[in-house]
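Some notes on the structure that comes next.
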Amino acid sequence: MRKTKISNKPIQRSVRKLRIDDLSVIEPITDNQRLAKAAYRKDKNLVLHGYPGTGKTFLALAYGLEEVLDPSSDYKKLIVVRSVVPSRDIGFLKGDEKDKVEVYKAPYKDLCEELFGIPTAFESLEAQGSVSFEITSFIRGRSVNNGIIVVDECQNMTFHELDSIITRIGNNTKVIFCGDYRQTDFTKEVDKLGLKKFMDILENMYEFSKVEFIADDIVRSSLVKAYILKKIELGY
C-alpha cells in the first residue's frame, strides 16, 4: 500500500492586493471622533487618549490606510507599533521570535477584517507592503520616511520607549499615539507616569492635536459602555 507523504510546510492562505476602493468608508459617530477626523484632515499628528471601546485604534488604522492606499498619496506604508508588555515576558511565549510577535498582531487582523470585510486583509496588506507590524524593540535605530505610524497601547510603554519612537520619525511621516493610562499593565508608579509625562510634552507642541475620549464615546457595545459608566460611578 502506498503511503501518503505528509508535508510539514505551513499551508499558505491566498491573499489578494487591496486597493482604496476595498476599504470601508468610516464616518465618525461621536463628537470626539469627529474632532479626531477634523484634526487628522488638517495634517496634524494625533494623540487619541481615553476609555476603551471608543474607536481610537480603529479610527487610526482607517484614516492611515485611506492615505496609504491612495495612489496619489506620498505616504507609502502604515506601521503599527506596539510594546509586548506586560511580557517583556515575550520570552515565556512558545515559539521563535516571529511566532511570539504574531500573537500581538491579532487585534489588528480583526480590525482590518472589519475595515475590508476580508478575513485575510491584514495578511494582504503586509504582503503588498502597505502595512507592517513592529514591537518597540525593533523600531529603535530606524528612520521612518513617507509613512504613517500608529503607536498603540501607549500606556504600556515607558517614557524611554515613547521617546525612542518619536525620534524615529523622518521626513513626510505622521504619527498617531493611542492609549489610556487607566489600562496600564505596569506596576511601578514611575513607569505608569511615562505616558502622562510624554503627553504633557506633545500637548505643548503645535504639531500635535490631542483628543480625549470619554465614556460617552464608547461605541464597542452597550454592555461595555454600561460597565465603564458603573465603574466610574463606583469610583473604581
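These numbers were taken from a predicted model, which means no experiment stands behind them. Atom set for the values below is all heavy atoms of this structure, side chains included, hydrogens, waters and symmetry mates excluded.
- Evaluation of the salt bridge (charged side-chain N to carboxylate O under 4.0 Å, His left out) rule for Lys105 yields Glu102, Glu126 as partners, not counting sequence neighbours.
- In this view, Tyr181 and His49 satisfy the ring pair (Phe, Tyr, Trp, His ring centres under 6.0 Å) rule, not counting sequence neighbours.
- Through direct or indirect side-chain contacts shorter than 4.5 Å among Ile, Leu, Val, Met, Phe, Trp and Tyr, Ile29 is connected to Val219.
- A salt bridge links Arg142 with Glu134: the distance from a Lys NZ or Arg NE/NH1/NH2 to an Asp or Glu carboxylate oxygen falls below 4.0 Å.
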List, one per line, each side-chain donor-acceptor pair under 3.5 Å for residues 227-236, sequence neighbours excluded.
residue: Lys230; atom: NZ; partner: Glu233; partner atom: OE1; Å: 3.1
residue: Lys230; atom: NZ; partner: Glu233; partner atom: OE2; Å: 3.4

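- For the residue pair Asp152/Thr57, the side-chain donor-acceptor check at 3.5 Å is satisfied.
- Annotation: Tyr104 is not in aromatic contact with Phe133 [ring centroid separation under 6.0 Å not met].
- Residues passing the side chain to side chain donor-acceptor pair (under 3.5 Å) test with Asp216: none are found, sequence neighbours excluded.
- Salt-bridge check for Arg19 with Asp21: failed, with every basic side-chain N at 4.0 Å or more from each acidic carboxylate O.
- Note that OG of Ser73 and CD1 of Ile20 are 8.5 Å apart. Values are rounded to the nearest 0.5 Å.
- Aromatic ring centres of Tyr108 and Phe122 lie farther apart than the 6.0 Å criterion allows.
- Taking the side chain to side chain donor-acceptor pair (under 3.5 Å) definition, one finds that Asp217 meets it with Thr30, Asn32, sequence neighbours left out.
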